[in-house]
Every structure is written in C-alpha cells, then in structure tokens.
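A quick write-up on the structure given underneath.
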Amino acid sequence: MAQDGKQHRMLFDLQRGRRKTAVKVVYAMLAVLMGLSLFLVVGSVNIGELFGGNGSSSSGEAAKPYEEQAQRLEAKLKKEPEDPELLMALTRARVTAGNSLVSLEPEREDLLNALQQYELGSSAWSEYLDATKEPNAGTAQLIAPALLSLAEGARTYGEAQRNVEAATEAQKIVAEQRPSLNSYSTLALYTYFTGDYKAAEAAQAKAAKLTREKFEREELDKQMEEVRKNAEKFQQGRKQAEAAEKAAAKGNKEGNPEALQSPSNSLGGTFGTGAGLGE
C-alpha cells in the first residue's frame, strides 16, 4: 500500500514478477516446517489441507507421463548407472510426477503415491550427487520441497530429521549458485530445523545483507525468530523420542514391560493421512 507517495515492499517483494511464485513457496515451507515442529503442542495437521481439498481423480492421469518418462530413464540407467544427466532427469521426472499428484486437490491415495514418487526422486538425487561435481541448482530447487514433504510424511523423528537435512543440503546448492534474499532466507529457515543454529544464523546473516530496506531486515529477523522457536521445539521432541527409544530398548533387554510401552513419538499419521511410506 502506498504511503507518502512511497510503496513499502514486504520481505521477498511480492511485486516483482519471478519472485512472486518463489515468495509463495517460502511462506508455504514456513507453514510446513512450523507444523512439523508444533504437532506435539497443537495436535495433528492435515497434510491434505496444505495441498488442496476433497480429491480429484485426474491427479493420477496428470502424473502418468512423468512416471512413464521415469521408467524409460531407469531403463537407460541400467546401461549407464552413473550418468549424471540421466540421474538428474530421473530426479526431475519423479519429483514432477509427485507434484502432479498433489496439485489437483489430492485424495489420501494421491498423497501416498506422491510420497512414493518423492522417495524415488530422493534416491535418484542422492545418486546424482555422487555422480556429479557440479549439482544443478534448478534440480536442487525442485527436490528441496519434495524432501520437506517426505519429512512431513515421516514415521519417526529420525526419518524427518534426515529428510530436513537433505532438503537443507539441496537448498544450500541453490543459495550458493543463485544467491538472493529469497534463496538464503529459505536456507536459513531449513537449517534452523536441522538443529544447526550456527549455520542457520550464518545463512540468515547473508540474507540480511541482501535486503535493501530496514523494514525487510526487521521482517526477516521477526520471521526467523519464530522459526527458531519452532525448530527448537521440534529438536526437543526428537531428543525426547530418541531417549524414549533407548529406554524401550533397555527395558526390552531387562524384561521391563513398562519400558516396552514407552511411546516412540512416531510421525506416522501426524498430518492426518497415516502417510508412512511403508504402509
């Protein structure tokens, strides 16, 4: 809104073409990560509400071309298993297939299938990173939110942690190759949830240097303060879960039935889908 003839820009400037979509992604990921940390406090969050409403049978059809493309790429990779271009293309095909499944008001089955596609994309991405010395920033930007979705659908804190760390590594590639307020603020956001607060603060500082107005810096600090609080809650929950698992294992060895009943704080079903990949 205009004031005294000047237009105040929000953080991640909503008025600038290409940034507009990226801004939506950043704020969506903020909501996702906060939900990831707050579920123990406020109860379950329905993952379906993050992507749409009551379901659509066309999602599977939209994903089909990308799944078929992935199958063709996998056939080629049997002959050239370490070809980075093929692995990159496979990563993109799998993630795009997953994205197609959740873009049109997905049903529970669509969400489960999307997570499976993201899992396959994650595997291809890991192989791609091993096969190349210069990871593609565009592919990294595509895989990072998919890895966050895997963290949402994780069955345990450990699984969620690994996927958040993988998403952070991918976002780091984006930030280093495409430095901007958006890329570094997103990196800071992801990194806080890994528990590496020092690295998160460093990314936040780089984002702050790329702001052009005091308002932007203040807004960045405000948002990241909230992110850190929620990240700390998530990490606290993870440590409690690890302690409970150790106690249960010890109780198992000692024949203690009460220890065996200690909760593991599984994330399966946390977001209203029961979307454990093994189910």
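The structure displayed is predicted, hence computed values, not measured ones.
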Test item: Glu109 and Leu112 side chains (from C-beta on) under 4.5 Å apart, heavy atoms:
no
So does Ser122 get a backbone contact from the side chain of Ser126, meaning a donor-acceptor N/O pair under 3.5 Å?
yes
Answer yes or no: does atom CD of Glu68 have more than 12 heavy-atom neighbours from other residues, nucleotides or ligands under 6.0 Å?
yes
Which of these, Glu232, Glu225, Glu226, sits in a salt bridge (Lys or Arg N to Asp or Glu O under 4.0 Å) with Arg228?
Glu232
Out of curiosity, Asp83 CG to Met88 CE, how far, rounded to the nearest 0.5 Å?
9.5 Å
Once rounded to the nearest 0.5 Å, what's the spacing between atom NZ of Lys78 and atom CG of Leu86?
13.5 Å
Does any N or O in the side chain of Glu219 come within less than 3.5 Å of the main-chain N or O of Phe215, such that one atom is a donor and the other an acceptor?
no
Are any of the side-chain heavy atoms of Trp125 and Glu169 separated by less than 4.5 Å?
no
Positive for side chain to side chain contact (heavy atoms under 4.5 Å, CB included) with Leu142, one of Asn136, Val174, Val95
Val95
Determine whether Ser100 and Lys64 make a side-chain contact, defined as any pair of heavy atoms from C-beta on separated by less than 4.5 Å.
no
How long is the straight-line distance from NZ of Lys209 back to CG of Leu181, given to the nearest 0.5 Å?
14.0 Å
Identify whether the distance between the nearest side-chain nitrogen and carboxylate oxygen of Glu218 and Lys222 falls below 4.0 Å.
no
Does some side-chain heavy atom of Arg217 sit less than 4.5 Å from a side-chain heavy atom of Lys214?
yes
CG/Leu210 to CG/Leu220 distance, rounded to the nearest 0.5 angstrom?
10.0 Å
Begin with the C-alpha distance, continue with both residues' side-chain angles, and end with the deciding distance and a verdict on side chain to side chain contact (heavy atoms under 4.5 Å, CB included) for Val102 and Tyr118.
CA-CA 11 Å; Val102 297; Tyr118 291 154; 3.8 Å; yes
Cluster overlap Leu150 with Ile173, hydrophobic side-chain contacts below 4.5 Å:
yes
Look only at the side chain of Thr211 and the backbone of Ala207, and say whether a donor-acceptor pair between them is shorter than 3.5 Å.
no
Charged N to carboxylate O below 4.0 Å: is that the case for Lys206 and Glu176?
no
Is it the case that one hydrophobic cluster holds both Tyr128 and Leu120, taking links as side-chain heavy atoms less than 4.5 Å apart, direct or via other members?
no
Spacing of Glu82 atom CD and Thr132 atom OG1 [to the nearest 0.5 Å]
12.0 Å
Spacing of Leu73 atom CG and Gln69 atom CD [to the nearest 0.5 Å]:
5.5 Å
Do Gln204 and Tyr192 have side-chain atoms, one donor and one acceptor, less than 3.5 Å apart?
yes
Main-chain N/O of Phe193 paired with Gln235 side-chain donor or acceptor, under 3.5 Å
yes
Flag, side chain of Asn99 to backbone of Thr96, donor-acceptor distance under 3.5 Å
no
Does the side chain of Leu187 come within less than 4.5 Å of Thr168's, by heavy atoms?
yes
Looking at Arg238 and Glu242, does any basic side-chain N land under 4.0 Å from a carboxylate oxygen?
yes
Side-chain donor-acceptor contact under 3.5 Å, Gln161 with Glu165
yes
Are Glu74 and Arg94 side-chain neighbours, meaning at least one heavy-atom pair lies under 4.5 Å?
yes
